Amino acid sequence: MRRVAYLAGGSALAIALSMGLSSTALAQQTTEVEAVIVTGSLIRGTPEDAALPVDVISTEELAKQGSPTTVDLIKSLSVSNGVLGDTNQFDSRAQGSEGSGSVNLRGLGPTRTLVLINGKRMAINPFALAGAGAVDTNVIPVAAIGRIEVLKDGAAATYGSDAIGGVINFITRKNFDGLELQGGYTYVDGSDGDYSASLTYGMTNDRSSLLLSGGYRHRSELPTIERDFAVRSFAENPQGGWSSFGNPGLYLQSANGGFTYTSPIADPACNVISGPGGGMAPCQFQYIGFNNLVEEEDYWQLYGEFNFDVTDTTTFHAEVLYAGHSVGAENSSPSYPPNNFPSSALTTKIQGNGYFIPANNPGLQALLATNPGFAPSAATAGLFTSVAWRPIGVDGNDLFGGGGKEDKRRFDAYRVSAGLKGEFEFGGGIGWDASMTYMDNWSSIATPDVLVGRLQLALRGLGGAGCTGSTPGANGCLWFNPFSSGTSGNAVDGRVNPNFVAGTANSREVLDYIFDEYAYDIRSQLYTADLVFNGRLPIDFGAGQIGWAAGAQYRWTALERDSNDFTNIAVSPCPDSAVVAGAVCPGRENGPFTFFGGLPDYDLDQTVMSVFGEMAIPITDSLSATLAVRYEDYGGNVGATTNPKVALRYQATDWLAFRASAGSTFRAPPTTQISPGSTTNLAFTTAAGGYRAYDTFGNPNLVPEEAITLNLGALFDFGDFRASVDYWSFDFEGPINNESGASIVNALFPGGPSGPNNCNNPAFATLLARVSFTGACAPSTINRVRVNFVNGPDVKTSGLDFSASYRARDVLSGDMNFGADLTYVIEYKVDANTIEGVAVSPARDFVGMMDYLGYGSQPQWKGTFFAEYTRDIHNLRATLRYVDNMIDTRAGSATFATNQTGQKIDAFVTTDLAYRVFLPWDTTVSASVINMFDQDPSFARLDLSYDPFTANPYGRHFKLNVTKRF
């Protein structure tokens with residue numbers, strides 16, 4: 001094959017600074033590989049001292065760190081904040097994407113970082129962020145990757161939409177010969193451990209090369225009860241998986257013989273087998289003990305790449321990827337609290353917003369027998385469920401072995417990319433590159449939820465698939481017991497119910513009847529066709545000819561959702577639809593499930609045409625400039641946009657250089673965000689005392705968000721000491737986000753659960769219409785909240801990046817290397833926000849804040865420091881990782897009104913130690929201690945009592961990796 005020697009990734013200095021790579025590693029990285037285009041430029045042969053801030057992470061560097069997973073690597077980058085991948089369950093932005101990973105450069109959101117493989121786009125993860133554009137990094141073929149390039153600057157002028165916050169480019173191995181086997185195991189206390197295996201085969205000759213790889217990784221379940229920090233008392237963390245919607249729960253009894261039910265009464269077992277007691281409000285239920293910190297997950301990737309010199313000037317390239325992952329049993333609460341209710345035809349009562357329990361329900365009769373003073377009128381009039389209730393609680397769900405219910409996730413990705421590139425003999429050797437890429441992501445989600453109509457029938461003794469006739473409990477008809485009389489005790493902490501009546505426990509048959517799967521398949525597709533020309537102009541200012549590139553791209557994306565009949569709102573629109581064929585319910589089309597709302601199917605696509613150009617101008621021997629511009633046309637309401645960029649580099653002395661870049665960048669609204677359909681997510685609502693449903697709707701009037709980006713940097717090179725410092729800023733106009741449901745609720749109820757509210761304030765009438773209630777307007781009766789995708793308030797963020805590396809030679813017959821990477825965020829300012837004409841949040845600077853369901857975690861300082869010793873075949877590295885403290889943005893609100901703990905999330909500081917040795921027979925062994933001082937993640941007032949986007953729950957764990965080359 002045609003080859004040219006170059007330093008992998010574009011810049012020797014960038015490589016040295018990236019993740020503190022040592023000079024020894026620099027020497028090892030110099031290799032003969034195919035001429036490439038550095039991430040951020042389209043011009044072949046871009047100088048290795050280019051002006052753009054690109055970090056390069058090699059496989060050598062990853063091996064020295066103990067071979068972190070893709071999620072761990074991305075999470076550790078100082079320029080990346082708010083990364084999905086450890087646990088995604090309790091963030092409404094990530095629900096449905098469990099098992100997936102993401103990249104979030106500058107904390108601007110995963111949708112604003114473009115992810116590439118070998119410089120080509122990937123299809124989005126259709127689950128993540130409601131199909132808003134995030135790429136799943138867990139499908140990357142890790143065993144085939146040779147290096148990772150991170151462009152820390154906006155790049156819409158080069159790559160188009162989504163490259164607004166930066167680019168991460170995974171580049172496969174080049175010129176790999178032989179066979180490599182790798183195996184690894186991670187010991188995690190309280191878990192069965194994680195393990196991985198991979199195989200890579202490569203072959204090269206004068207005209208062709210072949211690369212094949214396969215990888216598998218398994219994560220074992222880590223229950224919350226295995227970590228003391230994760231399951232906390234109500235006094236320690238009222239948001240730590242506590243809900244006022246429990247079972248045992250609250251009910252409503254009648255004072256007028258069964259016409260209306262308004263008087264609340266608690267199940268006698270409340271605070272006996274649920275809640276901590278001690279005068280706390282009754283029937284608090286802690287669901288977090290049924291959850292996991294880490295789910296059992298499986299990942300696999302198969303990758304193949306072939307290159308062939310068709311002629312002396314033309315090369316064919318093709319690559320194929322199949323990857324996937326599954327979460328077969330994600331544990332969650334045994335059941336969700338209902339926020340959807342049957343019609344009066346099913347309850348047989350005029351009263352709505354509840355479920356009727358007749359007096360002859362065996363569970364109620366048993367409860368009255370053991371607690372004679374409970375609900376005197378219930379013996380004749382029965383009871384109604386209140387909002388503060390769920391069908392199954394502390395005793396666990398017997399359908400799933402007596403624990404939490406088990407949700408299922410599956411993700412499969414297929415990708416093929418092929419092209420030809422070469423040179424024309426005329427025009428001074430004009431290069432050309434024509435390629436096509438297609439990627440198809442298939443995902444499926446299945447979450448057990450209770451069907452409204454079936455639950456109501458079972459409460460009346462008419463449940464069961466084989467029920468015939470109208471006699472309760474006869475002819476195959478089953479009863480459902482909603483009371484503690486059928487609960488043996490607390491499945492998490494072992495408390496025993498003294499009033500348990502075994503004969504009234506719910507059978508698996510009735511549970512199987514009331515539960516069904518809220519399930520749908522979702523598919524995202526991407527097709528791109530690229531044509532790029534590049535060459536040199538016969539213009540020379542004395543420092544070399546002007547380089548240029550120009551081309552066009554056709555891009556087609558599609559997103560499709562296909563729901564099962566109960567989930568499909570067009571098939572099952574009503575609460576009664578599961579038991580009443582053809583049910584109609586004007587104004588109440590929420591679907592048939594008790595918690596999740598029905599979904600519309602959709603089949604959406606979008607076509608984008610773009611043209612672009614770039615020039616690299618050597619002005620003098622010490623000064624060069626790069627100019628780029630891109631025009632993209634989306635058609636329809638989105639329209640077209642043009643984005644320019646300019647970059648300069650000045651070599652002031654042998655040891656000092658300056659770089660600068662500025663440009664405009666943009667992101668177009670994805671198709672799901674401009675279509676009228678909706679997606680339901682869960683979010684903890686403090687005022688309501690638990691999770692509520694938030695329905696997010698598309699907005700056809702969205703326009704592309706835009707940003708002005710700026711980077712100013714200095715680079716220092718004193719041989720063994722190298723460093724860089726960069727100032728960066730992003731100034732957004734109209735960033736696309738979904739409205740904050742929490743802001744809507746807080747604006748309506750500024751005094752929290754019991755303080756003043758705006759229910760009767762005419763100025764809030766339109767905002768109030770966004771919220772549905774199960775009764776009178778009050779925080780505790782919040783049922784659902786509607787939010788829309790909008791062009792939100794403007795955002796400006798800026799900061800400083802620092803990188804340095806130093807090599808001390810001949811120390812104890814070896815070399816010492818030291819390095820640091822730091823990011824300091826100066827500001828993350830967000831303008832004031834209004835919804836429906838109501839000011840819901842003032843302007844605020846979020847730097848140093850944790851805004852969990854809004855702008856995410858934004859530590860002011862984040863960095864990595866390392867010290868390394870290399871001698872002969874041995875390498876030992878100690879790495880310290882630092883994430884700065886943050887203030888919870890809810891500090892000062894009703895959330896902390898009676899309990900001040902957790903307003904500050906302390907800094908998270910961990911130390912890793914990794915040892916690697918090269919053994920005979922081409923074998924390499926590495927052993928690592930991660931978090932060697934066993935630091936718990938810092939406490940945060942969240943479900944898992946820590947922030948999963950900046951910390952991890954493992955504690956001290958041990959890794960062993962073995963690599964064998966043939």
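All values reported here derive from a predicted model rather than from experimental measurement. Note: hydrogens, waters and symmetry copies are ignored here, and every other heavy atom, side chains too, is used.
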Do the side chains of [Y] and [X] get nearer than 4.5 Å, heavy atoms only?
{"X": "W389", "Y": "P338", "value": "yes"}
{"X": "V450", "Y": "F593", "value": "no"}
{"X": "E733", "Y": "D794", "value": "yes"}
{"X": "L702", "Y": "N791", "value": "yes"}
{"X": "I744", "Y": "L767", "value": "yes"}
{"X": "K349", "Y": "Y261", "value": "yes"}
{"X": "N291", "Y": "I288", "value": "yes"}
{"X": "L252", "Y": "Q351", "value": "yes"}

Quick one: does any side-chain atom of [X] pair with a main-chain N or O of [Y] as donor and acceptor, under 3.5 Å?
{"X": "S233", "Y": "E236", "answer": "yes"}
{"X": "N247", "Y": "P391", "answer": "yes"}
{"X": "R770", "Y": "V785", "answer": "no"}
{"X": "Y852", "Y": "T889", "answer": "no"}
{"X": "E706", "Y": "G734", "answer": "no"}
{"X": "Q286", "Y": "R232", "answer": "yes"}
{"X": "N699", "Y": "V790", "answer": "no"}
{"X": "E589", "Y": "G587", "answer": "yes"}
{"X": "T781", "Y": "A776", "answer": "yes"}
{"X": "N758", "Y": "A747", "answer": "yes"}

Closest heavy-atom contact between [X] and [Y]?
{"X": "F595", "Y": "R784", "value": "O-NH1, 3.3 Å"}
{"X": "L459", "Y": "P482", "value": "CD2-CG, 3.7 Å"}
{"X": "K75", "Y": "P948", "value": "NZ-O, 2.8 Å"}
{"X": "P573", "Y": "A583", "value": "CG-O, 4.0 Å"}
{"X": "N104", "Y": "G109", "value": "OD1-N, 2.5 Å"}
{"X": "G396", "Y": "P334", "value": "CA-CG, 3.9 Å"}

Residues R409 and E295 bridged, charged N to O under 4.0 Å | no
On the 0 to 90° scale, with breaks at 30° and 60°, tag the F846-Y828 ring pair as parallel, tilted or perpendicular.
-> perpendicular
Aromatic rings F730 and F732: how do their planes relate, parallel, tilted or perpendicular, breaks at 30° and 60°?
-> parallel
Within this structure, what is the [atom1]-[atom2] distance for the pair [X] and [Y], rounded to the nearest 0.5 Å?
{"X": "I514", "Y": "S335", "atom1": "CD1", "atom2": "OG", "value": "8.0 Å"}
{"X": "E705", "Y": "L108", "atom1": "CD", "atom2": "CG", "value": "9.0 Å"}
{"X": "W242", "Y": "F285", "atom1": "CH2", "atom2": "CZ", "value": "9.5 Å"}
{"X": "M850", "Y": "D888", "atom1": "CE", "atom2": "CG", "value": "4.0 Å"}
{"X": "M886", "Y": "Q860", "atom1": "CE", "atom2": "CD", "value": "12.0 Å"}
{"X": "N885", "Y": "M849", "atom1": "CG", "atom2": "CE", "value": "10.5 Å"}

Go through N738 and T696 one step at a time and tell me if the side chain to side chain donor-acceptor pair (under 3.5 Å) criterion holds.
-> CA-CA 7 Å; N738 59 283; T696 304; 4.8 Å; no
Do we see a donor-acceptor contact under 3.5 Å between the side chains of [X] and [Y]?
{"X": "T672", "Y": "R561", "value": "no"}
{"X": "D601", "Y": "S563", "value": "yes"}
{"X": "N590", "Y": "R588", "value": "no"}
{"X": "D906", "Y": "S938", "value": "no"}

Pick from L293, L944, N237: which one makes a side chain to side chain contact (heavy atoms under 4.5 Å, CB included) with F229?
-> L293
Using side chain to side chain contact (heavy atoms under 4.5 Å, CB included) as the criterion, point out the one residue from D449, T447, I445 that pairs with D407.
-> T447
Can you list the steps and then say if Y694 with S740 is a side-chain contact (heavy atoms from CB on, under 4.5 Å)?
-> CA-CA 10 Å; Y694 286 74; S740 168; over 6 Å; no
Stepwise, does the side-chain contact (heavy atoms from CB on, under 4.5 Å) test hold for F290 with N397?
-> CA-CA 10 Å; F290 293 98; N397 193 322; over 6 Å; no
Verdict with reasoning, I392 to K405, per side-chain contact (heavy atoms from CB on, under 4.5 Å) | CA-CA 10 Å; I392 303 173; K405 64 182 184 62; over 6 Å; no
Would R844 count as a cation-pi partner of Y855, with NZ or CZ less than 6.0 Å from the six-membered ring centre and within 45° of the ring normal?
-> no
Test side-chain contact (heavy atoms from CB on, under 4.5 Å) applied to T594 and V452, step by step | CA-CA 5 Å; T594 58; V452 172; 3.9 Å; yes
Kindly state whether the ring of Y355 and the ring of F341 have centres lying under 6.0 angstrom apart.
-> yes
